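Computed from a predicted model, the values in this text were never measured in an experiment.
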Amino acid sequence: MKLKQLKPKYFLLGGAALLLLGVLAVIIPNTVVCASSAKYIYDRNEISELADDFACILVLGAGVYSDGTPTPMLNDRLMVACEAYEAGRSDRLIMSGDHLYDDYNEPKAMKNFAIEQGIDSKVIF
C-alpha cells in the first residue's frame with residue numbers, strides 16, 4: 001500500500017490553525033478575567049474616592065533586581081500601596097513575594113521600599 005504524500009500547504013494550514021488556537025487560548029481567558037474583575041480594579045486617582053476602608057493593603061511581588069530594587073511593575077504596585085496607606089485606606093501593609101533563596105527576598109525589598117517612602121516599619125507585615 002502506497003502512502004499519500006501531504007502537500008506543503010496542508011502543513012501551513014495546520015500550523016496556522018495551531019497558532020490561532022494558541023492565541024485564542026491566551027486571549028479568551030484573559031478577556032474573561034479582565035471583564036469579570038474590572039469593577040475591583042482602581043487606578044491611583046480613584047483610591048481616595050473609595051467609600052470603604054480596608055483591613056489591609058496587600059502588595060503582590062513582581063520581581064526585584066539583584067541590588068534589591070523593585071522592578072518597574074513592582075515599583076508601581078508599591079507606590080500605589082503607599083499612596084493608599086497615606087490616604088488612610090488601611091492601617092497596615094502586607095508584602096507578599098518570593099523568598100525561595102537566601103539571596104532573593106522580595107518581601108524584604110518591598111518593606112525597605114515602603115520604609116523609604118516614610119511608612120513606619122511596625123505597620124508592614
Side-chain angles (χ1 to χ4, degrees):
M1 182 161 85
K2 198 174 193 183
L3 291 175
K4 196 174 191 185
Q5 186 175 14
L6 293 176
K7 296 183 181 177
K9 70 177 181 180
Y10 293 117
F11 285 111
L12 290 174
L13 287 173
L18 285 175
L19 180 63
L20 179 62
L21 285 174
V23 169
L24 290 176
V26 172
I27 291 176
I28 291 173
N30 186 54
T31 302
V32 170
V33 168
C34 289
S36 64
S37 62
K39 65 183 175 182
Y40 303 109
I41 299 173
Y42 303 98
D43 68 23
R44 284 186 149 108
N45 301 325
E46 297 171 315
I47 291 173
S48 61
E49 299 170 8
L50 296 174
D52 298 322
D53 289 334
F54 301 97
C56 69
I57 299 167
L58 173 64
V59 185
L60 302 177
V64 294
Y65 295 116
S66 58
D67 65 354
T69 57
T71 60
M73 181 180 288
L74 182 56
N75 186 75
D76 286 347
R77 290 179 184 182
L78 289 165
M79 288 304 298
V80 170
C82 291
E83 290 172 14
Y85 175 83
E86 293 296 331
R89 304 315 325 164
S90 179
D91 60 354
R92 66 191 67 123
L93 291 164
I94 298 177
M95 305 301 186
S96 174
D98 186 6
H99 184 200
L100 183 60
Y101 304 105
D102 290 335
D103 62 344
Y104 187 82
N105 190 338
E106 283 183 1
K108 181 180 178 184
M110 295 162 70
K111 181 176 184 176
N112 290 341
F113 182 94
I115 291 169
E116 290 170 6
Q117 302 306 309
I119 296 178
D120 186 353
S121 66
K122 295 176 190 165
V123 303
I124 305 169
F125 303 92

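Under the 4.5 Å side-chain heavy-atom criterion for Ile, Leu, Val, Met, Phe, Trp and Tyr, F125 and M110 are members of distinct hydrophobic clusters. Linking ILVMFWY side-chain heavy atoms closer than 4.5 Å, directly or via other members, places Y85 and V80 in two distinct hydrophobic clusters. Under the 4.5 Å side-chain heavy-atom criterion for Ile, Leu, Val, Met, Phe, Trp and Tyr, V26 and V32 are members of distinct hydrophobic clusters. Hydrophobic clustering of Ile, Leu, Val, Met, Phe, Trp and Tyr side chains at less than 4.5 Å, counting indirect connections, keeps L78 apart from L58. Cluster annotation: V64 and I94 are assigned to distinct hydrophobic clusters (Ile/Leu/Val/Met/Phe/Trp/Tyr, side-chain heavy-atom contacts under 4.5 Å, transitive).
Distance alone, capped at 3.5 Å, is enough to place a donor-acceptor pair between the S90 side chain and the A55 backbone. No donor-acceptor pair under 3.5 Å is formed between the side chain of T69 and the backbone N or O of Y65.
Residues forming a side chain to side chain contact (heavy atoms under 4.5 Å, CB included) with A114 (at least two apart in sequence, or on another chain): C82, L93, M95, I119, I124.
Atom CG of D102 is surrounded by 12 or fewer heavy atoms from other residues, nucleotides or ligands within 6.0 Å.
In this structure, E83 and R89 have side chains that are not in contact, with every pair of non-hydrogen atoms separated by 4.5 Å or more. Within the 4.5 Å cutoff, no side-chain heavy atoms of D91 are placed close to those of V123. Residues S121 and K111 are in side-chain contact: their nearest non-hydrogen atoms beyond the backbone lie under 4.5 Å apart.
Summarising the geometry, atom NZ belonging to K122 is positioned 11.5 Å from atom CD1 belonging to I115; distances are rounded to the nearest 0.5 Å.
Across N105, D98, D103, a single residue satisfies side chain to side chain contact (heavy atoms under 4.5 Å, CB included) together with Y101, and that is D103.
Residues A109 and G68 come closest through the heavy atom pair CB-O, 3.2 Å.
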